[in-house]
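Working notes, structure below.
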Amino acid sequence: QVQLVESGGGLVQAGGSLRLSCAASGSIFSIDAMAWYRQAPGKQRELVASIISGGSTNYADSVKGRFTISRDNAKNTVYLQMNSLKPEDTAVYYCNALISTRIDHGMDYWGKGTLVTVSS
């Protein structure tokens with residue numbers, strides 16, 4: 001069974017930085033893509049950043065130039081470096097991965113989320 005565990009959330013002041021980590025574990029054959037989503041109170045979950053097998057990345061317009069997604073394939077881990085944080089970035093951040101196992105192919109997996117709170 002595959003599990004995604006996020007870490008690194010917390011409380012920071014506007015202008016500060018945080019780095020989120022998401023480690024995938026289990027009987028993983030391949031990870032085709034990983035992404036970070038976030039959900040603010042009362043709002044729909046939105047895509048923040050993604051990275052695919054070839055290394056290409058995409059970012060939401062609201063975080064371009066401030067956030068960087070990266071991965072360590074040897075550790076099955078994806079990171080989200082968040083700089084110049086704004087109060088609008090306050091949300092629960094969720095790790096998402098497209099993973100194939102010996103019995104499942106290209107299935108979506110989700111972490112339980114980590115809370116990021118940015119104070120003004």
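All values below come from the heavy atoms of this structure, side chains included, with hydrogens, waters and symmetry mates left out.
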Legend entry - Donor-acceptor contact present, side-chain Thr57 to main-chain Ile51, <3.5 Å: no

Inset, instruction - Locate the shortest heavy-atom distance separating Ile28 from Ala24; write the atom from each residue and the value. - result: CD1-CB, 3.8 Å

Legend entry - Atom pair CG/CH2 of Leu47 and Trp36 - distance to nearest 0.5 Å: 12.5 Å

Inset, instruction - Working to the nearest 0.5 Å, report the span between OG1 of Thr77 and CG of Leu4. - result: 10.0 Å

Legend entry - Nearest atoms (heavy-atom pairs only) where Met82 meets Leu85: CB-CD2, 3.8 Å

Please tabulate, for the side chains in residues 99-111, all donor-acceptor contacts under 3.5 angstrom to protein atoms that are two or more places apart in sequence or on a different chain.
residue	atom	partner	partner atom	Å
Ser100	OG	Gly106	N	3.0
Thr101	OG1	Ile103	N	3.3
Thr101	OG1	Asp104	N	3.0

Legend entry - Closest approach of Ala49 to Leu80 (non-hydrogen atoms, all atoms of both residues): CB-CD1, 4.2 Å

Inset, instruction - Give a yes or no on whether the backbone of Asp32 and the side-chain of Ser53 come within a donor-acceptor separation of less than 3.5 Å. - result: yes

Inset, instruction - Search all heavy atoms of Tyr37 against all heavy atoms of Ala35 and return the closest pair with its distance. - result: CE1-CB, 4.0 Å

Legend entry - Tyr59 (side chain) donor-acceptor with Ile69 (main chain) under 3.5 angstrom: yes

Legend entry - Flag, side chain of Arg71 to backbone of Ile52, donor-acceptor distance under 3.5 Å: yes

Legend entry - Test log, rule salt bridge (charged side-chain N to carboxylate O under 4.0 Å, His left out), inputs Lys64 and Asp61: CA-CA 5 Å; Lys64 285 182 178 178; Asp61 288 340; 3.2 Å; yes

Inset, instruction - Identify the heavy atoms of Ser120 and Ala14 that sit nearest to each other, and give their distance. - result: CA-CB, 4.4 Å

Inset, instruction - To the nearest 0.5 angstrom, please state how far the CD1 atom of Ile31 sits from the CG atom of Leu98. - result: 9.5 Å

Legend entry - Cys95 backbone acceptor or donor facing Glu6 side chain under 3.5 Å: yes

Inset, instruction - Drop me the distance from Gln1's CD to Ser27's OG, to the nearest 0.5 angstrom. - result: 9.0 Å

Inset, instruction - State yes or no: do Val92 and Val12 share one hydrophobic cluster built from I, L, V, M, F, W and Y residues joined by side-chain heavy-atom distances below 4.5 Å, directly or via other members? - result: no

Legend entry - Spacing of SG belonging to Cys22 relative to CG belonging to Asn96, to within rounding of 0.5 Å: 8.5 Å

Legend entry - Tyr79 OH to Asp72 CG distance, which is reported to the nearest 0.5 Å: 5.0 Å

Inset, instruction - Determine whether Leu20 and Val116 make a side-chain contact, defined as any pair of heavy atoms from C-beta on separated by less than 4.5 Å. - result: yes

Inset, instruction - Please report the shortest heavy-atom distance between Asn76 and Met34, naming the atom on each side. - result: O-CE, 4.4 Å

Legend entry - Common cluster, Tyr94/Val5, ILVMFWY with side-chain heavy-atom separation under 4.5 Å: no

